[in-house]
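Both counts, for ligands and for their atoms, begin at 1 and track the order of listing. Values below: all heavy atoms of this structure, side chains included; hydrogens, waters and symmetry mates excluded.
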Amino acid sequence: MTVPVVDLRSDTLTRPTREMRAAMVDAEVGDDVYGEDPTVAALEAWVAALLGHEAALFMPTGSMANQVGLRLHAGPGQEVITDHLAHVLRAELGAAAAFSGITTRSWVADRGLLDVDTALAVMVPDGGAYQVSTACVVVENTHNFGGGTVQPLADLRRLREATAAVGVGVHLDGARLWNAHVASGVALADYGACADTVSVCLSKGLGAPVGSLLVADATRIGQARVWRKRLGGGMRQVGMLAAAGLYALDHHLDRLADDHARARRVAEAVALVAPGVVDPATVETNILVLDAAAAGRTGAELATAAAEGGVLGYPMGPRHTRFVWHLDVDDELTDRATDVLTDLLRRRGA
Ligand SMILES: Cc1ncc(COP(=O)(O)O)c(C=O)c1O
């Protein structure tokens with residue numbers, strides 16, 4: 001009997017379920033560049049309503065939704081600021097500079113947690129002829145490289161008020177806003193109210209094969225439509241993909257709580273045998289980041305050792321390894337991950 005690999009490298013690895021595939025096959029479609037795909041239109045309307053904004057635009061990827069969002073706030077020679085672990089800075093391959101001529105500055109943030117005072121201190125709303133002007137602050141919720149951190153609503157609100165008062169925009173990278181919503185109980189619309197533009201992904205914990213949306217007011221979404229096409233993201237009979245997103249929102253949103261509980265359960269087990277490798281209280285959603293260095297290994301060494309035991313993680317820098325729970329990892333696979341990780345860390349670290 002072959003033992004299945006527990007693939008916790010990312011929540012992007014999910015494969016569409018049989019039911020999701022059936023929904024895709026049956027989707028009504030049209031040419032979405034002409035605005036004629038009814039399934040895409042239904043998805044856009046639903047997501048915009050969930051987030052309390054006027055409109056939404058279906059995009060192929062979260063990166064494109066972020067980058068088009070940033071382009072709506074800032075142009076060449078302007079800056080966007082965010083924390084040093086933000087996906088838009090670290091993992092979108094310099095797209096803001098490469099496509100939009102946008103410069104960026106950042107500050108060091110513990111677990112990617114929003115530090116409003118620092119953000120406001122870094123921001124330069126009107127740099128005049130001497131300094132780069134800040135057009136936008138980006139907040140990531142939940143924070144991926146921060147370890148699935150949920151941003152406190154009170155901080156998001158304070159940032160929103162202070163930036164709006166000086167004409168600086170807020171973009172929310174909400175690739176995993178669904179996880180924040182399920183973990184915190186904060187309504188999606190309350191998060192939505194804290195930003196001018198929001199990106200959300202369907203292809204992470206929600207389990208759709210592809211798809212993200214940019215959400216904003218109708219004027220901005222009109223501009224976003226132009227930028228999406230300009231960047232080559234205008235898609236045609238894409239209702240089949242939107243149908244996967246509709247299915248995911250209908251069936252896979254509430255179950256994110258299971259992923260959160262499983263990640264926390266493993267964190268608690270690891271903390272028992274290797275205190276210092278993880279503080280379970282910091283595991284708020286579906287992402288578990290282990291401090292491999294606290295157990296005498298590099299992030300890559302821990303990932304390799306875990307892989308030898310059939311548990312795949314993602315080395316995150318020299319000292320950390322990330323494990324992400326999702327739709328395809330059930331309780332049984334989680335128990336296997338617990339056994340492999342506690343065994344490894346007990347032997348070497350505890
Ligand atoms: C926080 C965050 N934002 C944006 C993205 C980009 O999504 P995509 O891979 O669809 O471009 C990711 C991908 O993992 C992410 O974690």
Output yes when the distance from some N or O of ligand 1 to some N or O of [X] is under 3.5 Å, and no in every other case.
X: Ser63; value: yes
X: Lys204; value: yes
X: Arg176; value: yes

- Does any N or O in the side chain of Arg21 come within less than 3.5 Å of the main-chain N or O of Pro16, such that one atom is a donor and the other an acceptor? yes

- Could Asp32 and Arg228 be called an ion pair, given the rule that one side-chain N must be under 4.0 Å from one carboxylate O? yes

For [atom], which protein heavy atom lies nearest, and how many Å away is it?
atom: atom 3 (N) of ligand 1; answer: Asp173 OD2, 2.8 Å
atom: atom 1 (C) of ligand 1; answer: Glu140 OE2, 3.2 Å
atom: atom 8 (P) of ligand 1; answer: Gly62 N, 3.5 Å
atom: atom 15 (C) of ligand 1; answer: His87 CD2, 3.2 Å

- Query: How does Asn144 reach ligand 1, if at all, at less than 4.0 Å between non-hydrogen atoms: by side chain, backbone, both, or neither?
  - Reply: side chain

- Task: Scan Ile287, Thr285, Asn141 and name whichever one has a side-chain contact (heavy atoms from CB on, under 4.5 Å) with Arg176.
- Result: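 Exactly one pass, corresponding to Ile287.
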
- Asn286, Leu8, Asp7 screened by side-chain contact (heavy atoms from CB on, under 4.5 Å) with Val324, the one that passes: Asn286

- Query: Can you tell me if CD on Glu332 sees more than 12 non-hydrogen neighbours from other groups inside 6.0 Å?
  - Reply: no

Could you tell me which atoms of ligand 1, counted from 1 in the order shown, lie closer than 4.0 angstrom to a heavy atom of [X]?
X: Asn66; result: 3 (N), 4 (C)
X: Glu92; result: 4 (C)
X: Thr61; result: 10 (O), 11 (O)

- Message: Can you tell me which residue among Asp11, Asp330, Asp331, Asp335 is in a salt bridge (charged side-chain N to carboxylate O under 4.0 Å, His left out) with Arg262?
- Response: Asp331

- Query: What's the shortest heavy-atom distance between Arg9 and Arg322, and which atoms?
  - Reply: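 Taking every non-hydrogen atom into account, O-NH2, 2.8 Å.
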
- Determine the interplanar angle of the His171 and His73 rings, folded into 0 to 90°, and report it as parallel if under 30°, tilted if 30 to 60°, perpendicular if over 60°. perpendicular

